[in-house]
Amino acid sequence: MIRIHNLTKKYDTQTVLDAIDLEIPAGQATGIVGPNGSGKTTLIKHILGLVKPDSGDIEVNGIPLNGTWEYRREIGYMPQKAQYPENMTVRELFAFVKKIRDNEAPMENRLTGMFELEPELDKPLRNLSGGTRQKVGASLALMFDPRLLILDEPTAGLDPKASYKFKQLLRSEKDNGKTVLLTTHIMSEIEELADHIIFLVEGHVRYHGRMSDLMELQQEQRLEGAVAKMMEENAA
């Protein structure tokens, strides 16, 4: 699904991504973990085509990201903190995004019902709680039925009921062949959802493989312990 070769990005004198090589498998969920400043967000921005690398290349579904944009139609992206036009209502925002994408949203009604957004549809976004805004972001990421989902701290701010339903839906989407790329500091969440792990430290890939293999390697029963050990090893 996603092939990354020799990806390098620098800001001034700081190397944020250093000659990264990765192949992210299709039809599975991959978690990106690492300490703050490790390059997780920068990597996601490259895949989305929001940042141009200094060197290296990326392919999504066999399409090189050298100025093309059509591949983005297959991506659903949920940022950690989305910025919306504050005077728009939720209904207007959904209609606006559908018009921009020039595409139907086959999962819109299902998501609106699942997140109980009907009472919120005609409210301006500025009046919504943080959790409700997060539900709006999740709906926008999934409503076009994309093949690739990129989620940045997706359950932050969601109440337990919405979080549970959302994770159930993600597991169902993965079982139906969708590819999920997930970054979060909540290790139990990655443990619930992910098959593979990418562990980044200071722009380098320190581990890339199956989550179960990482826990076996670190002799830990839980992912949180395995990742903590790796962070200690890299800090030493």
Side-chain angles (χ1 to χ4, degrees), residues 29-34 36-37 40-51 69 72-174 178-190 192-194:
T30 298
I32 304 176
V33 300
N36 294 330
K40 301 186 296 294
T41 299
T42 302
L43 177 59
I44 286 175
K45 287 182 177 180
H46 276 84
I47 295 170
L48 291 167
L50 300 176
V51 174
W69 58 267
R72 296 179 190 169
R73 288 184 175 274
E74 300 293 337
I75 295 178
Y77 173 51
M78 182 180 177
Q80 182 178 359
K81 291 184 179 179
Q83 299 296 321
Y84 304 119
E86 295 294 304
N87 61 325
M88 272 190 177
T89 66
V90 177
R91 192 187 306 277
E92 289 170 341
L93 176 65
F94 286 175
F96 177 67
V97 174
K98 285 188 288 186
K99 186 174 182 180
I100 288 176
R101 292 186 65 134
D102 191 24
N103 198 4
E104 293 300 316
M107 294 182 66
E108 179 181 0
N109 291 337
R110 178 183 177 187
L111 291 160
T112 299
M114 185 184 84
F115 287 127
E116 301 176 353
L117 284 174
E118 290 94 340
E120 316 294 335
L121 289 176
D122 294 310
K123 293 181 181 178
L125 286 148
R126 64 174 174 268
N127 293 343
L128 301 184
S129 67
T132 301
R133 291 172 72 97
Q134 196 77 346
K135 293 175 184 180
V136 170
S139 298
L140 287 171
L142 286 153
M143 66 196 305
F144 296 97
D145 198 21
R147 293 173 59 192
L148 170 61
L149 287 165
I150 299 178
L151 311 172
D152 189 359
E153 301 284 352
T155 63
L158 292 182
D159 60 69
K161 180 181 176 181
S163 177
Y164 175 74
K165 288 185 174 182
F166 186 36
K167 286 186 283 189
Q168 276 190 316
L169 178 58
L170 289 179
R171 281 190 286 267
S172 174
E173 291 295 283
K174 185 184 70 171
K178 303 292 180 66
T179 301
V180 180
L181 193 58
L182 169 72
T183 177
T184 176
H185 287 98
I186 305 172
M187 292 298 101
S188 60
E189 194 164 276
I190 290 188
E192 282 185 76
L193 297 171

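FYI, side chains are in, hydrogens and waters are out, and symmetry mates aren't considered; it's all heavy atoms of this structure.
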Trainee: So do I47 and L181 actually touch side chain to side chain, heavy atoms under 4.5 Å?
Mentor: yes

Trainee: Can you find a pair of side-chain heavy atoms, one from K174 and one from L149, that are under 4.5 Å apart?
Mentor: no

Trainee: What's the separation between atom CG in D159 and atom CZ in F166, rounded to the nearest 0.5 Å?
Mentor: 13.0 Å

Trainee: What pair of heavy atoms forms the shortest contact from A105 to K98, and how long is it?
Mentor: CB-CD, 3.8 Å

Trainee: So which atom in A162 and which in F115 form the shortest heavy-atom distance, rounded to 0.1 Å?
Mentor: O-CE2, 4.1 Å

Trainee: From E153 CD over to L182 CG, what is the distance, rounded to the nearest 0.5 angstrom?
Mentor: 8.5 Å

Trainee: Indicate the atoms forming the closest heavy-atom contact of V33 with T184, along with that distance.
Mentor: CG1-O, 4.5 Å

Trainee: Is R171 paired with E192 through a side-chain N to carboxylate O contact shorter than 4.0 Å?
Mentor: yes

Trainee: Measuring from atom CD of Q134 to atom OG1 of T155, what distance do you get when rounded to the nearest 0.5 angstrom?
Mentor: 8.0 Å

Trainee: Above 12 or not: heavy atoms from other molecules or residues under 6.0 Å from CD of E104?
Mentor: no

Trainee: Over all heavy atoms of both residues, which pair between T30 and A194 is shortest? Give the atoms and the distance, please.
Mentor: C-CB, 4.4 Å

Trainee: Okay, side chain of S129, backbone of T132: is any donor-acceptor separation there less than 3.5 Å?
Mentor: yes

Trainee: Is a salt bridge present between D102 and R73, judged by a nitrogen-to-oxygen distance below 4.0 Å?
Mentor: no

Trainee: If you define the side chain from C-beta out and look only at heavy atoms, does anything of L169 sit under 4.5 Å from L111?
Mentor: yes

Trainee: Taking all atoms of both residues into account, what is the closest heavy-atom pair of N87 and R126, and its distance?
Mentor: CA-NH1, 3.3 Å

Trainee: Does some side-chain heavy atom of D145 sit less than 4.5 Å from a side-chain heavy atom of K178?
Mentor: yes

Trainee: Count the heavy atoms of every other residue, nucleotide or ligand shown that sit under 6.0 Å from NZ of K167, and state whether that count exceeds 12.
Mentor: yes

Trainee: Taking the side chain as C-beta and beyond, is there a heavy-atom pair between E120 and K135 under 4.5 Å?
Mentor: no

Trainee: As an exercise, state the distance from CD1 of I75 to OG1 of T179, rounded to the nearest 0.5 Å.
Mentor: 10.5 Å

Trainee: Counting distance only, does the side-chain N/O of R72 pair as donor-acceptor with the main-chain N or O of G49 below 3.5 Å?
Mentor: yes

Trainee: Take L148 and E74 through the side chain to side chain contact (heavy atoms under 4.5 Å, CB included) test and state the conclusion after the steps.
Mentor: CA-CA 6 Å; L148 170 61; E74 300 293 337; 5.6 Å; no

Trainee: When you measure from the centre of the six-membered ring of Y84, is the NZ or CZ of R133 under 6.0 Å away and within 45° of the axis?
Mentor: no

Trainee: Is there a donor-acceptor pair under 3.5 Å between the side chain of K123 and the backbone N or O of L128?
Mentor: no

Trainee: Considering only heavy atoms from C-beta outward, does the side chain of L151 approach that of M78 to under 4.5 Å?
Mentor: yes

Trainee: CG of L43 to OG1 of T183: how many Å apart, nearest 0.5 Å?
Mentor: 9.5 Å

Trainee: What's the separation between atom CD in E173 and atom CE in M107, rounded to the nearest 0.5 Å?
Mentor: 4.0 Å

Trainee: Determine whether V136 and F94 make a side-chain contact, defined as any pair of heavy atoms from C-beta on separated by less than 4.5 Å.
Mentor: yes

